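Because the structure is predicted, anything quoted here is derived from the model rather than measured. Counting starts at 1 for both ligands and their atoms, in listed order. These values consider heavy atoms only, across backbone and side chains, with no hydrogens, waters or symmetry-generated copies.
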Amino acid sequence: MTTPALMPVYPRCGVRPVRGEGVYLFGERGEKYLDFAAGIAVNALGHGHPHLTKAIQEQAATLMHVSNLYGSPQGEALAQRIVDNSFADTVFFTNSGVEAIECAIKTARRYHYANGNPQRHKLITFKNAFHGRSLGAISATDQAKMRDGFEPLLPGFAYAKFNDLDAALALIDDETAGFLVETVQGEGGMTAGTPEFIQGLRKACDDHGLLLILDEIQCGYGRTGKMWAYEHYGITPDILTSAKGIGGGFPLGACLATEEAAKGMVFGTHGSTYGGNPLGMAAGQAILDVMLEPGFLDHVVKMGGRLRQAFEQMIPNHDHLFEEIRGKGLMLGIKMKEPAVSRDFVAHLRDNHGLLTVAAGENVFRVLPPLIIDESHVTECIERLSAGARSFGIPSDA
Ligand SMILES: *Cc1c(COP(=O)(O)O)cnc(C)c1O
């Protein structure tokens, strides 16, 4: 038998972290990395943040799990706090991003069902989208690498080009329930929705009685310098999915909705054994304690600006490698020029310069630091990145 005990679905790299401290990760042999991957935009407060750690420790000792058979003072309190700080009227808690997506899809279908239009079940989604790995979520993307071999998938999805409003509007028919879209595409290549696109989808929803579902699992929760990425566009969604940063490393997700959009989600329509358990709620509260402190989001904006500015200064010195900067706030991507390959560059930065970043689609590499970085980390990132760019050899036969 050669199959590893851990199902080999991930192409794991050689870094084997055993400890984290703030913006740094330490490997098995004590190697130190500047962590500008942050668990793929999850560790919003870095590693070992004292407030988050303490909240989890105390809650674990008090009450970890009871099931959703019982009343949830912890869930009510966190949901209320999220409602008070978003467009939403109601929240369903999950353990991951993809479960929030599943809840969003079900909520949208159930809305039209409750309105007497059960035929309106289709969601228009977008090319290069990433919504997670459940059968529902891989049905909601056109990316073959996620779908191949898993057919038949869930019916009821149509795919338009991202940031192409006319293409999206052309797909609306009598069976359309709404749009499912990342406000800023993450895995797909760090492309932000244009204002015309996001605002145009909102208007189409209003005109046709459709639901706008924003997937802010990666771009929400302070990542772009606003609590929610939709705030950059002056609109609000009907349904929104959140995860990643919402638990800062504790597995937590949420599906947020307006009262109207959630009208079909009545007793018995949905559930989760772990979702919203007291331990998760304590982690979620600790994250919000920090994020809602005055000045926290201003800090993200400031650090995002510094990092972007430093990238802008660096790019002309390596213009055979780098093409453009994408993203918002501390959700930044640099598109590389062929024949340079972003995946190779990420490996080079990691193995030779102690800097962790993440590859994305469209030959982009992502820079997703903890939101608590300071100027010294920006400087260190740029030093390592510049050194990496200087020493990066592009294979001549590439
Ligand atoms: C990570 C991600 C997901 C999936 O979240 P999981 O917690 O891995 O299930 C969905 N959508 C977006 C935009 C993501 O970045």
Next on the checklist: Just to verify, what does Val364 make a side chain to side chain contact (heavy atoms under 4.5 Å, CB included) with, not counting sequence neighbours?
Outcome noted: Met190, Arg326, Lys335, Ala360, Glu362

Checklist entry - Is Asn163 reaching over with its side chain to a backbone N or O of Ala192, donor-acceptor style, under 3.5 angstrom? => result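 Present.
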
Checklist entry - So, the side chain of Asn68 versus the backbone of Gly275: is there a donor-acceptor pair under 3.5 Å, distance only? => result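 Pair found, side chain donor or acceptor close to backbone of Gly275.
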
Item to check | Phe322 and His318 aromatic ring geometry - parallel, tilted or perpendicular at 30°/60° bounds | outcome: perpendicular

Checklist entry - What residues come within 4.0 Å of ligand 1, counting heavy atoms only? => result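 Those residues closer than 4.0 Å to ligand 1 by some heavy atom are Ser96, Gly97, Val98, Phe130, His131, Gly132, Glu182, Asp215, Ile217, Gln218, Lys244.
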
Next on the checklist: Looking at Glu175 and Arg120, is there a salt bridge between them, counting it only when a charged N and a carboxylate O are closer than 4.0 Å?
Outcome noted: no

Checklist entry - Are Phe345 and Phe392 near enough that their ring centres are under 6.0 Å apart? => result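 Ring centres of Phe392 and Phe345 closer than 6.0 Å.
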
